[in-house]
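To keep things clear, I will list the structure first and then write my remarks on it.
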Amino acid sequence: MLKKVVLVTGSSSGIGRATILKFAKEGYDVVINYHHNEASANALKEMVEKQYNIDAMVIKADVSSEDEVKTMIKTIVDKYSKLDVLVNNAGIVFDRSFEEITVEEFKRTLDVDVLGTFIVSREASKYMPNGSAIVNVSSTNGTKTISPECLDYNIAKIGVQSLTRDLAYQFRPNIRVNAIAPGWVDTKMNKDLPKDYIESENEKIYLSRFAKPEEIANTIFFLASEEASYINGEIINIDGGY
Ligand code: NAD
């Protein structure tokens, strides 16, 4: 039987990297997509191939570029002939106030987070067999948190949730589409947060800490797996209670 194949966008770091490690551990062949960090992507490929005896592939593509995404999907299909799981993880945020954020920055966040999810899903879905799954990475910024310092991100992550429901309908009954909405996760996205701010946020989180990327990857894997075979079009918060 052919092995299952997963593509995780933006997977040279953070949640995407942890997701690649989880799927590799479970025996999937993995496709690592990166935009900036080739060295980290290649190191991850080497590591999973050695550790888990699976096949890994590294592809550079900007998820907001239709041409680059088309080339990425063609490269995957040429090698594996199909794609069983897509994780739309790539995302950016500009931590800027209402007054500071530029129109270009606002547009860029929407391009990567929302349009990127749309483009990769549309192109990948052409090669996803019946029973496959897409998991989108949204955020609690799209469900319950009010963060005026990143309004580009808030609306982008609401967009990802809306798109999740639309794609679940569009791809019915062959491909399940769900989203996760993590709260604070300990990744490089939050590396510049002041220590006292982290402490004050930890006080609001019922579990008193940020999530580890692996804890998010576990839920992504569950949603993509047969164990979640009747979950479709849903948004799952993963925020430790907030
Ligand atoms: P991260 O910065 O480590 O990961 C984001 C990845 O996306 C990076 O590898 C980056 O290079 C990649 N990327 C950026 N633009 C891209 C593009 N145009 N094309 C392809 N890849 C691109 O941070 P993370 O926390 O692991 O973020 C992963 C996802 O989780 C993001 O969608 C983020 O919004 C979401 N998220 C993070 C948190 C958190 O607290 N860290 C909370 C909720 C949701």
Using the rule that Ile, Leu, Val, Met, Phe, Trp and Tyr join whenever any side-chain heavy atoms are under 4.5 Å apart, tell me whether [X] and [Y] fall into a single cluster.
| X | Y | result |
| --- | --- | --- |
| Val137 | Leu110 | no |
| Leu167 | Leu83 | yes |
| Phe221 | Ile180 | yes |
| Ile32 | Tyr28 | yes |
| Val58 | Ile76 | no |

*Looking at Lys82, Lys3, Lys4, which hits salt bridge (Lys or Arg N to Asp or Glu O under 4.0 Å) with Asp29?*
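Output: one option passes, namely Lys3.
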Might you confirm whether atom [atom1] of [X] has over 12 heavy atoms from other residues, nucleotides or ligands at distances under 6.0 Å?
| X | atom1 | value |
| --- | --- | --- |
| Ile238 | CD1 | yes |
| Tyr242 | OH | yes |
| Lys79 | NZ | yes |
| Lys107 | NZ | no |
| Lys126 | NZ | yes |
| Glu26 | CD | yes |
| Glu149 | CD | yes |
| Asp78 | CG | yes |

*Would you please test Glu215 and Arg209 for salt bridge (charged side-chain N to carboxylate O under 4.0 Å, His left out) and show each step?*
CA-CA 12 Å; Glu215 294 175 300; Arg209 62 173 176 85; 2.8 Å; yes
Distance-only, no hydrogens or angles: does the [X] side chain make a donor-acceptor pair with backbone N or O of [Y] under 3.5 Å?
| X | Y | value |
| --- | --- | --- |
| Thr140 | Pro182 | yes |
| Asn33 | Val8 | no |
| Ser147 | Cys150 | no |
| Asn178 | Glu234 | yes |
| Ser162 | Ile158 | no |
| Thr9 | Asn89 | yes |
| Ser225 | Phe222 | yes |
| Asn190 | Val185 | yes |
| Asp84 | Val5 | yes |

Residues two or more places apart in sequence or in another chain: which of them pass side-chain contact (heavy atoms from CB on, under 4.5 Å) with [X]?
| X | value |
| --- | --- |
| Ala133 | Arg176, Ala224 |
| Arg122 | Glu66, Phe118 |
| Glu203 | none |
| Gln161 | Ser138, Thr143, Arg165, Ala181, Ile235 |

_Trace of the side chain to side chain donor-acceptor pair (under 3.5 Å) decision for Asp67 with Ser65_ = CA-CA 5 Å; Asp67 285 348; Ser65 159; 5.5 Å; no
For a quick test of reading the model, state the closest non-hydrogen atom pair linking [X] to [Y] and the distance between them.
| X | Y | value |
| --- | --- | --- |
| Ile175 | Ser125 | CD1-CB, 3.9 Å |
| Gly14 | Pro213 | O-CB, 3.8 Å |
| Val160 | Thr164 | O-OG1, 2.6 Å |
| Val48 | Ala56 | CG2-CB, 3.8 Å |
| Ile20 | Ser11 | CG1-CB, 3.6 Å |
| Asp113 | Ala156 | CB-CB, 3.8 Å |

*With Asp152 via salt bridge (Lys or Arg N to Asp or Glu O under 4.0 Å) - residues at least two apart*: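 In terms of salt bridge (Lys or Arg N to Asp or Glu O under 4.0 Å), with neighbours along the sequence ignored, Asp152 is linked to no residue.
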*Members other than Tyr153 in its cluster, when Ile, Leu, Val, Met, Phe, Trp, Tyr link by side-chain heavy atoms under 4.5 Å?*
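Reading the cluster by chain and number, Tyr153 sits alongside Val93, Met189.
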*Apply the test side-chain contact (heavy atoms from CB on, under 4.5 Å) to residues Phe94 and Thr102: give CA-CA distance (whole Å), side-chain angles for both, the deciding distance (0.1 Å), then the verdict.*
CA-CA 10 Å; Phe94 290 94; Thr102 67; over 6 Å; no
Rounded to the nearest 0.5 Å, what's the gap from [atom1] on [X] to [atom2] on [Y]? Could you check?
| X | Y | atom1 | atom2 | value |
| --- | --- | --- | --- | --- |
| Phe98 | Leu151 | CZ | CG | 7.0 Å |
| Phe171 | Met128 | CZ | CE | 8.0 Å |
| Asp239 | Ile216 | CG | CD1 | 9.0 Å |
| Leu86 | Ser121 | CG | OG | 5.0 Å |
| Arg17 | Glu214 | CZ | CD | 8.5 Å |
| Glu199 | Leu193 | CD | CG | 12.0 Å |

Taking the side chain as C-beta and beyond, is there a heavy-atom pair between [X] and [Y] under 4.5 Å?
| X | Y | value |
| --- | --- | --- |
| Val177 | Asn136 | yes |
| Ile59 | Leu7 | no |
| Leu44 | Tyr34 | no |
| Glu201 | Phe210 | yes |

*Walk me through it: do Arg108 and Ser64 pass the test side chain to side chain donor-acceptor pair (under 3.5 Å)?*
CA-CA 9 Å; Arg108 183 65 188 152; Ser64 69; 3.0 Å; yes
*Please walk me through it: do Met57 and Thr75 pass side-chain contact (heavy atoms from CB on, under 4.5 Å)?*
CA-CA 10 Å; Met57 195 176 195; Thr75 309; 3.4 Å; yes
*Should the ring pair Tyr197 and Trp184 be called parallel, tilted or perpendicular, given that the plane angle runs from 0 to 90° and is split at 30 and 60?*
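Tyr197 vs Trp184 ring planes: perpendicular.
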*Worked check of side-chain contact (heavy atoms from CB on, under 4.5 Å) between Met47 and Leu21*: CA-CA 9 Å; Met47 180 180 166; Leu21 287 167; 3.9 Å; yes
